[in-house]
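Heads up: the structure comes next, in structure tokens.
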Amino acid sequence: MDLMGIVWMVIIGLVAGLLARAIKPGNDAMGWVMTIVLGIAGSMLGGFLASMLHIGANGGFTGLVFSVIGAIILLFLYEFIMSKRRV
């Protein structure tokens, strides 16, 4: 992967992570780096979900939508794991 690909991955990860945190209710205390990681991992999960549904989500608006959906799913999992850890 070239440098521009990495830069775009970080930018899309940040946008998807921020959108997911804005859409999902609750207090998700995480910094910028974790938000970017959340968005990148959400993009991977969203791409997997899109391929399972036979939907082409290789970028564009559809790719962003599935990235945000994947990030929201990961946010729910993160919240579930952190709530179990506090008990």
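Since the model is a prediction, treat every value here as computed from it, not as a measurement. Throughout, numbering of the chain's residues begins at 1 and tracks the sequence.
The distance from the CG atom of Leu77 to the CD1 atom of Ile72 is 12.5 Å, given to the nearest 0.5 Å. To the nearest 0.5 Å, the span separating CD1 on Ile23 from CG on Leu18 amounts to 11.0 Å. To the nearest 0.5 Å, the span separating CE on Met44 from CG on Leu74 amounts to 10.5 Å.
In the hydrophobic clustering of ILVMFWY residues, with side-chain heavy atoms under 4.5 Å counting as a link, Val7 and Val33 come out apart. No single ILVMFWY cluster, assembled from side-chain heavy atoms under 4.5 Å apart, contains both Phe48 and Leu75.
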| Worked check of side chain to side chain contact (heavy atoms under 4.5 Å, CB included) between Val10 and Leu14 | CA-CA 6 Å; Val10 169; Leu14 176 62; 5.5 Å; no
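The nearest pair of heavy atoms linking Ser43 to Ile12 is OG-CG2, 4.4 Å. Between Leu38 and Ala71, the shortest heavy-atom contact is CD1-O, 3.6 Å.
A side chain to side chain contact (heavy atoms under 4.5 Å, CB included) with Val65 holds for exactly one of Val68, Thr62, Ile69; it is Ile69.
The shortest distance between side-chain heavy atoms of Phe66 and Ile55 falls below 4.5 Å.
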